[in-house]
Chemist: 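Just dropping this structure here.
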Amino acid sequence: MHDIKWIRENPEEFDKGLKRRGLSPLSSEILKIDADHKIVQQNLQVLQSRRNEIAAAIGQAKRSGDNVESLTQEGSEIRERMPVLEEKEKELKGKLHHFLITLPNRLLPSVPHGKDESENVVVRTVGKPRTFSFAPKEHFDLGEASGMMDFEQAARMSGSRFVILKKHLALLQRALSNFMLDLHTQEFGYTEVSPPLLVNESSMFGAGQLPKFAEGAFQTTSGHWLIPTSEVSLTCWGADRMLMEEELPLRFVAHTPCFRSEAGAAGRDTRGMLRQHQFYKVELVSFSKPEEGLEELDRMVGAAEEVLKKLEIPYRVVSLCSGDVGFSALKTYDLEAWLPGQNAYREISSCSLCGDFQARRMNARFKGKDSKEKPQFPYTLNGSGIAVGRALIAVLENYQQEDGSIQVPRVLIPYMGGLTEI
RNA sequence: GGAUGGGUGGCCGAGCGGUUGAAGGCAACGGUCUUGAAAACCGUCGAGGGUGUGAGCCCUUCGUGAGUUCGAAUCUCACCCCAUCCGCCA
């Protein structure tokens, strides 16, 4: 959600921001509504003020036994005049609000310009892809050949974009999750949380998933939404709360299933488990002071990177360009893991600084000890740390051997009961 | 699903038609006292918006939305949410 005050003060910058998002300028339209609203509001307030005076005077007069009739009559007259203004005020306020909640967040100046993901900028590349003495296979070939990854039966029970893992692959998935949780809680100070997977409408709104992206998520018959990412639950930890400045930054990590309808992705990544309706993800969320947001973003990216470093999987860090940064974000870095089977880097994590955009939507605020300070909106950040299903793919493809077996990454061996090969 | 109780400021909690934006307590902040701290005492202390150079003034806000009234936290209606008990399931 945007800050109308900021738009008033920076209309041209606001429009520039919209332009970078591929939208046409709106500041003059918005500020016109804002100005109209202010006028109506002021007129309304004059009436309200008089109404209050009269009511107080009547209260006074009644106590002293004075005649009240003329006052009562004026009150009635005012009451008749109010509804028109009230309605107008509500209408303008609604229009204004609509703009503020439906437009995407602005972008930081450091976000590279570009129209889609093809123009994202590689910031750094870490690790060298291994050279193979044979043609590396894709994860689904490896998985199916092992008999531990079953798309067919999953399709029978659930449809496309589902998978059944079993035996060592199921174990590997669990091992990855545990390893990541341990890393983030023990080395990076994140607090582990086990949040709801079903959330209400206002939580989805607060995180910026609604109203725009309703098709992307599943809704239950009870009206709940299945979280498309635990970013929703974790960020809503702060909803309608007043946090203490001293407790910032707050850092949470959760391991949850995520549910996505993938409505807009027809035909993309249809094979394998790269794009599923349901997948596990370890998610990082921070609440920071505004001035510490960027620093916290770097820290978060570092935590996500550490997962891949420890797994010894080559990857690169990409700064998303203006056309690819999501609705709620000010700036986003993706981590892309090297997948030898695809001979490509593929997204495995996405870390975003959302500024006060989500905090405004969900009314998360913080206040310093000094009671004279006004409450402020904290900055929210979220990042995958990392997508577990995709991490499993990356392990399979990077650690495959010629006979189709998979070496277990060194850091995972303790999580695999000592198993060194699958 | 059925029954009951309830949603008030950072938190707890009173208020149940008229100086109530809301008692009291806690927390926080400032001060007195103290070698220092604690305790005690005194004081300050909700949020959002409008307006003004400013002190200030005004409006809104007691779950949400409608309604009654000159006037609503207080009365009426609808809805949402929470708690507890019962039923059902794990």
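Please read all numbers here as calculations on a predicted model, not as lab measurements. We name chains A, B, ... by the order of the sequence lines, and we start the count at 1 in each one.
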Chemist: Taking atom P in both B/G7 and B/G13, what distance in whole Å separates the two?
Modeler: 9 Å

Chemist: Where the side chain of A/S49 is concerned, which of B/C59, B/A66, B/G48 is the nearest nucleotide?
Modeler: B/C59

Chemist: CD of A/E53 versus C1' of B/C59: gap in Å, rounded?
Modeler: 13 Å

Chemist: Is there a side-chain polar atom (N or O) of A/N52 under 4.0 Å from OP1 or OP2 of B/C59?
Modeler: yes

Chemist: Between A/T72 and A/D34, name the one whose nearest nucleotide on RNA chain B is closer to the 5' end.
Modeler: A/D34

Chemist: On the nucleotide B/U51, are OP1 or OP2 found under 4.0 Å from the side-chain N or O atoms that A/Q42 carries?
Modeler: yes

Chemist: Please report the distance separating the P of B/U74 from the corresponding atom of B/U64, rounded so that it comes out in whole Å.
Modeler: 11 Å

Chemist: Give the nucleotide from the list B/C59, B/G10, B/U69 with an atom nearest to the side chain of A/M242.
Modeler: B/G10

Chemist: Think A/R51 has a side-chain N or O under 4.0 angstrom from the OP1 or OP2 of B/U60?
Modeler: yes

Chemist: Using the P atom as the reference point in each nucleotide, state the distance between B/C26 and B/C41 in Å, no decimals.
Modeler: 9 Å

Chemist: Would you say a side-chain N or O of A/K367 is under 4.0 Å from OP1 or OP2 of B/G46?
Modeler: no

Chemist: What interatomic distance, in whole Å, is found between C1' of B/A72 and the corresponding atom of B/G18?
Modeler: 10 Å

Chemist: I need the A/L320 CG to A/E347 CD distance, nearest 0.5 Å.
Modeler: 7.5 Å

Chemist: Given B/G49, B/C70, B/U60, which nucleotide is nearest the side-chain atoms of A/Q45?
Modeler: B/G49

Chemist: Would you indicate whether the side-chain heavy atoms of A/H277 and A/F259 approach each other to under 4.5 Å?
Modeler: no

Chemist: Quantified in whole Å, what is the P atom distance between nucleotide B/U44 and nucleotide B/G56?
Modeler: 14 Å

Chemist: Where the side chain of A/K90 is defined as all heavy atoms beyond and including C-beta, which of B/G65, B/A47, B/C59 is the nearest nucleotide?
Modeler: B/G65

Chemist: Could you give the CG-to-P distance, from A/D240 to B/C11, as a whole number of Å?
Modeler: 10 Å

Chemist: Could you check which of B/G48, B/G71, B/U60 has an atom nearest any side-chain atom of A/A55?
Modeler: B/G71

Chemist: Taking only side-chain nitrogens and oxygens of A/R79, does any of them come within less than 4.0 Å of OP1 or OP2 of B/U69?
Modeler: yes

Chemist: Considering only atom P, compute the distance from B/C75 to B/C62 and round it to an integer number of Å.
Modeler: 14 Å

Chemist: Identify whether NZ of Lys or CZ of Arg in A/R251 sits under 6.0 Å from the centre of the six-membered ring of A/F188 and within 45° of that ring's axis.
Modeler: no

Chemist: Looking only at the side chain of A/K5 (C-beta and beyond, no hydrogens), which of the listed nucleotides B/G10, B/C70, B/G49 gets closest?
Modeler: B/G49

Chemist: B/C81 and B/G43: how far apart are their P atoms, nearest whole angstrom?
Modeler: 45 Å

Chemist: What contact category does A/I58 fall into here, base, sugar-phosphate, or nothing, at under 4.0 angstrom with non-hydrogen atoms?
Modeler: base

Chemist: On RNA chain B, nearest-nucleotide positions of A/Q60 versus A/D3: which is more 5'?
Modeler: A/Q60

Chemist: Can you give me the closest heavy-atom contact between A/V301 and A/V317, atom names plus distance?
Modeler: CG1-CG1, 4.5 Å

Chemist: At less than 4.0 Å, is any side-chain N or O atom of A/R8 found next to OP1 or OP2 of B/G50? Yes or no.
Modeler: yes

Chemist: If I take atom CD1 in residue A/I54 and atom C1' in nucleotide B/G71, what distance separates them, rounded to the nearest angstrom?
Modeler: 10 Å

